[in-house]
Amino acid sequence: MNSETRSSGPGNPIAAATGFPWVKAVTDLFNVGPGHTVSGGTLTPPPLIMGFTHDNNLPPVVAALGLWNTSSNKNVYPLSLTKPNNKREFRSSYLVSFHGHVTLERLACTANGPSDTVKHIANQLPLTGPTDSYVRIRINNAPVAIPGCTSGPGSSCPLDEFTTYVKQRGIASGDYVKTCGLQNVSNATSVASFLTTDPDPSTVQLISL
C-alpha cells in the first residue's frame, strides 16, 4: 500500500485542511493579478513565487486541490492495510520523487486562440486582442486537469471557475484550526499570510550571496 496516501495524502482526514490555506492564498493572488496584493496585504509578491519544503508537504496541497481524488469511490476507499488497490488515483511516486514540485500558473490567453504566426519571445507578450485569465496546474511539469474545469486552452480552467472550485474545495477540506483542534491555541490561524505580509524584521536574516 502507498504509505503517503495515509500519512499526508488524501487518505489522511486532515491532509486537505492542512494544504488548503496555501491554495486559498495563491487563488487570492491570482484574482488580483500580477503586481498587486490582496486587501490588507503589506507585501506585493513578484510574478514568480517559488517555495521550498519537505516532500511530505506536497500531498496536502494536492489533497486540498482535489486532484487524483477517488475518495468517493466505494471500490477504492477505504484502502486495505495489507494490500494495494491498483484502482486508486493518488500515488506518491507521481508526486514526491526527487525534486518533485507542484506549480499553479495564471495564464493570459487571447479569446481568438493560438495563432501559427505567433512566436514566443522572452519577456514579451505577443497578444493581439482581449485576454482572459486561466489557471493550469502542473505536477513535475506534467499538466494535471482540474476536476470538472477544463474548458480553457489546453484543458486549463477559467480563473472565475477556478475561484468557485477553490471555494467548494474549502468546504470539503474543512477549516484548518477547527479540523486540527487548535481552537485553544492563541496564534493558530487558517490563513497563509506569508505570501502577502511583510515579515517581522526581527525574525528574518538576510544573507548576501
Side-chain angles (χ1 to χ4, degrees), residues 1-32 36-46 49-73 76-79 81 88-92 94-96 100-104 106 135 137 139 144 146-149 162-206:
M1 191 189 78
N2 192 322
S3 61
E4 284 284 352
T5 300
R6 292 189 186 276
S7 62
S8 61
N12 186 320
I14 69 171
T18 302
F20 184 77
W22 183 87
V23 172
K24 177 66 166 58
V26 172
T27 302
D28 290 343
L29 285 174
F30 279 179
N31 274 284
V32 297
H36 302 279
T37 190
V38 298
S39 177
T42 59
L43 172 69
T44 300
I49 302 174
M50 299 180 67
F52 301 87
T53 185
H54 295 288
D55 58 357
N56 58 355
N57 288 328
L58 295 180
V61 171
V62 171
L65 286 167
L67 306 179
W68 299 330
N69 183 11
T70 47
S71 59
S72 61
N73 190 333
V76 176
Y77 288 96
L79 293 174
L81 295 175
R88 74 188 190 282
E89 291 189 18
F90 178 87
R91 300 174 186 236
S92 63
Y94 294 167
L95 176 61
V96 296
H101 56 278
V102 177
T103 305
L104 272 67
R106 184 184 191 272
V135 175
I137 298 175
I139 296 180
V144 177
I146 299 169
C149 191
F162 178 74
T163 302
T164 299
Y165 174 79
V166 168
K167 290 180 180 178
Q168 296 170 346
R169 289 302 309 162
I171 296 172
S173 299
D175 178 79
Y176 171 73
V177 171
K178 294 180 180 179
T179 301
C180 296
L182 303 176
Q183 294 92 328
N184 295 325
V185 178
S186 60
N187 63 344
T189 178
S190 297
V191 179
S193 60
F194 54 85
L195 295 178
T196 55
T197 303
D198 277 318
D200 181 350
S202 65
T203 64
V204 176
Q205 180 181 11
L206 299 179

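Note that the coordinates shown come from a computational prediction; the quantities given were computed from them, not determined experimentally.
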**Q** Supply the atom-to-atom distance N12 CG to T18 OG1, rounded to the nearest 0.5 angstrom.
**A**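 OG1 of T18 is found 7.0 Å from CG of N12.
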**Q** Looking only at heavy atoms, what is the nearest atom pair of A17 and P21, with distance?
**A**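 Minimum heavy-atom contact is O-CD, 3.2 Å.
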**Q** Of the non-hydrogen atoms in L67 and I146, which two are nearest, and what is the gap between them?
**A**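 Heavy atoms only, the tightest pair is CD2-CA, 4.4 Å.
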**Q** Mind checking whether V23 and V61 have side chains closer than 4.5 Å, heavy atoms only?
**A**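 Yes, at least one pair of side-chain atoms sits under 4.5 Å.
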**Q** Check for a donor-acceptor pair, side chain of R169 on one end and backbone N or O of A64 on the other, with a separation under 3.5 Å.
**A**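 Confirmed, R169 side chain pairs with A64 backbone.
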**Q** If you define the side chain from C-beta out and look only at heavy atoms, does anything of T163 sit under 4.5 Å from T27?
**A**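 T163 vs T27: side chains touch.
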**Q** Quick check: does any side chain N or O of Y165 sit under 3.5 Å from a backbone N or O of L65, one acting as donor and the other as acceptor?
**A**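 Yes; at least one donor-acceptor contact below 3.5 Å.
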**Q** What's the shortest heavy-atom distance between T179 and S173, and which atoms?
**A**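 Result for this residue pair: OG1-O, 4.2 Å.
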**Q** Within the 4.5 Å heavy-atom criterion, are I139 and W68 side-chain neighbours or not?
**A**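 In contact.
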**Q** Taking the side chain as everything from C-beta on, heavy atoms only, tell me whether F162 gets closer than 4.5 Å to L104.
**A**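 Yes - at least one pair of side-chain heavy atoms lies under 4.5 Å apart.
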**Q** Quick one: NZ on K24 to CG on L29, what's the gap to the nearest 0.5 Å?
**A**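 Here the rounded value is 10.0 Å.
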**Q** Rounded to the nearest 0.5 Å, what separates atom CZ in F20 from atom CG in D175?
**A**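 Nearest 0.5 Å value for the CZ-CG distance: 9.5 Å.
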**Q** Are the side chain of S190 and the backbone N or O of V177 linked by a donor-acceptor pair below 3.5 Å?
**A**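 Indeed, once roles are kept as given, a pair shorter than 3.5 Å links the two residues.
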**Q** Do you know the tightest heavy-atom contact between K178 and Q183?
**A**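 Looking at all heavy atoms of both residues, the shortest contact is CA-NE2, 3.6 Å.
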**Q** Is atom CZ of F30 surrounded by more than 12 heavy atoms (other residues, nucleotides or ligands) closer than 6.0 Å?
**A**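 Counting neighbours around CZ of F30, more than 12 heavy atoms of other residues, nucleotides or ligands fall under 6.0 Å, so yes.
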**Q** Check step by step if side chain to side chain contact (heavy atoms under 4.5 Å, CB included) holds for V191 and Y176.
**A** CA-CA 9 Å; V191 179; Y176 171 73; over 6 Å; no
**Q** Determine the minimum heavy-atom distance between L58 and G100, stating which atoms define it.
**A**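 Minimum heavy-atom separation between L58 and G100: CD1-O, 3.6 Å.
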**Q** Looking at CG of D198 and CG of L43, how far apart are the two atoms once the value is rounded to the nearest 0.5 Å?
**A**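 So the CG of D198 and the CG of L43 are separated by 5.0 Å.
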**Q** Determine the minimum heavy-atom distance between I49 and P46, stating which atoms define it.
**A**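 Closest heavy-atom pair between I49 and P46: CG1-O, 3.7 Å.
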